[in-house]
Amino acid sequence: MQTHTELDVPAYLSVLPLFHEMRPAELERIAESAALKRFVRGEEVFRVGEPCEGFHVVVAGQVKLYALSHSGHEKVIELISPGNSFAEALMFTGKPYIVNAQTLSDSLVLTVKKQAVMDEIERDPRFSLRMLAGISRRLHGLVQDVEASALHSGIQRVIGYLLRDQSLEDVVPGQVATVQLPVSKATIASLLSLTPEYFSRVLRELEDGGLIAMDRRDIRILDVQGLSRYHLQ
């Protein structure tokens with residue numbers, strides 16, 4: 001994992017969709033406000049109610065956004081992988097965090113200060129358009145997740161998750177695809193609004209049907225087209 005001294009923050013920012021059109025001087029100003037922090041697995045990046053004074057980018061590791069019910073039940077809202085940002089929209093509301101963020105592994109998280117973002121928007125309004133585009137992409141993804149939870153059966157949600165990175169048009173008959181679960185089955189089950197027991201039961205059903213083969217967190221899709229057809233049943 002990279003350390004504070006090894007990461008060239010301006011260069012790193014320049015490859016992110018939000019910043020890739022910015023000039024070097026602009027990147028340098030943003031980088032000056034940014035703070036890189038190391039988190040151990042299970043550490044909270046922020047909690048509900050804390051002030052939101054910037055947005056964050058996962059440089060290494062993984063972060064989950066989640067909410068807790070009054071009874072203490074956890075609902076995973078989103079999993080943030082390296083190169084992806086979070087809390088951009090909330091930063092503009094002036095309100096505290098409405099969800100929690102916790103690392104799922106040892107992680108490096110880059111935090112960009114709100115004031116630096118506001119300064120760049122004043123200098124170049126096009127920067128705000130890029131931020132809006134990024135926020136819109138996240139919102140679109142969250143809406144799709146809500147639709148899947150509301151309109152799809154549990155087994156359809158599981159299969160949809162397994163096939164999320166597969167292009168069915170490019171699949172060669174007999175080709176085996178491997179999906180590595182990035183987090184625990186319980187975390188993915190929460191993300192899909194399922195119980196861990198149901199999630200495991202669906203995986204066993206798909207394995208018994210000859211569609212997948214499981215080896216801990218590695219899931220081999222033995223019949224991509226067949227799994228897709230099963231998805232539509």
Side-chain angles (χ1 to χ4, degrees), residues 9 12-13 16-22 26-27 29-105 107-150 183 187-188 190-193:
V9 175
Y12 180 78
L13 292 175
L16 300 180
L18 183 60
F19 299 105
H20 76 271
E21 294 181 6
M22 294 185 70
E26 296 171 324
L27 290 170
R29 287 194 297 268
I30 291 288
E32 287 175 3
S33 82
L36 186 66
K37 183 176 179 180
R38 183 185 299 276
F39 293 86
V40 298
R41 179 182 178 182
E43 189 174 355
E44 300 287 343
V45 179
F46 54 74
R47 294 181 176 87
V48 169
E50 294 180 347
C52 180
E53 299 175 343
F55 73 95
H56 314 274
V57 182
V58 177
V59 177
Q62 192 163 48
V63 171
K64 70 175 178 180
L65 304 183
Y66 70 99
L68 288 175
S69 68
H70 292 300
S71 62
H73 177 72
E74 178 183 297
K75 172 64 178 83
V76 177
I77 298 170
E78 192 174 6
L79 300 177
I80 313 297
S81 55
N84 290 298
S85 56
F86 56 104
E88 309 98 308
L90 189 61
M91 175 182 67
F92 291 109
T93 68
K95 296 181 179 180
Y97 292 112
I98 56 176
V99 296
N100 305 286
Q102 182 185 52
T103 58
L104 293 170
S105 61
S107 303
L108 279 179
V109 177
L110 186 69
T111 298
V112 177
K113 294 293 185 181
K114 174 181 177 179
Q115 190 56 53
V117 173
M118 300 303 291
D119 290 344
E120 291 307 318
I121 289 176
E122 288 185 8
R123 289 189 179 96
D124 185 355
R126 290 174 299 177
F127 183 70
S128 64
L129 295 178
R130 291 195 291 275
M131 292 215 70
L132 283 172
I135 292 170
S136 297
R137 284 192 295 270
R138 166 156 297 118
L139 179 60
H140 180 68
L142 292 174
V143 168
Q144 287 182 317
D145 291 342
V146 171
E147 288 179 342
S149 296
V183 292
T187 299
I188 294 175
S190 179
L191 180 67
L192 299 176
S193 297

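Here the structure is a predicted model, which means the values were calculated and not measured. FYI, side chains are in, hydrogens and waters are out, and symmetry mates aren't considered; it's all heavy atoms of this structure.
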Worksheet entry | Crowding at CZ, Arg123 (>12 non-hydrogen neighbours, <6.0 Å) | yes
Worksheet item: Under a 4.5 Å cut-off applied to non-hydrogen side-chain atoms, are Val57 and Tyr12 in contact?
Response: yes
Worksheet item: Is any side-chain heavy atom of Phe92 less than 4.5 Å from a side-chain heavy atom of Ile121?
Response: yes
Worksheet, complete the sentence: Note: Lys75 and Ser193 closest approach over all heavy atoms is CE-OG, 3.0 Å
Output all residues satisfying side chain to side chain donor-acceptor pair (under 3.5 Å) with [X], sequence neighbours left out; order by chain, then residue number.
X: Glu74; answer: Lys64
X: Thr103; answer: none
X: Arg29; answer: Glu120
X: Ser71; answer: Ser69

With [X], which residues qualify under salt bridge (charged side-chain N to carboxylate O under 4.0 Å, His left out), at least two apart?
X: Lys114; answer: none
X: Asp119; answer: none
X: Glu44; answer: none

Discussion item. With salt bridge (charged side-chain N to carboxylate O under 4.0 Å, His left out) as the rule and sequence neighbours excluded, what pairs involving residues 89-104 come up?
Written reply: none
Worksheet item: What residues form a side-chain contact (heavy atoms from CB on, under 4.5 Å) with Val48, not counting sequence neighbours?
Response: Asn100
Worksheet item: Given Val183 and Val76, is the side-chain contact (heavy atoms from CB on, under 4.5 Å) satisfied, shown in steps?
Response: CA-CA 12 Å; Val183 292; Val76 177; over 6 Å; no
Discussion item. One pair to check against side-chain contact (heavy atoms from CB on, under 4.5 Å): Leu13 and Leu110. What are the steps and the verdict?
Written reply: CA-CA 10 Å; Leu13 292 175; Leu110 186 69; 3.8 Å; yes
Worksheet item: In chain order, what residues pass the ring pair (Phe, Tyr, Trp, His ring centres under 6.0 Å) check against Tyr97, with sequence neighbours excluded?
Response: Phe46
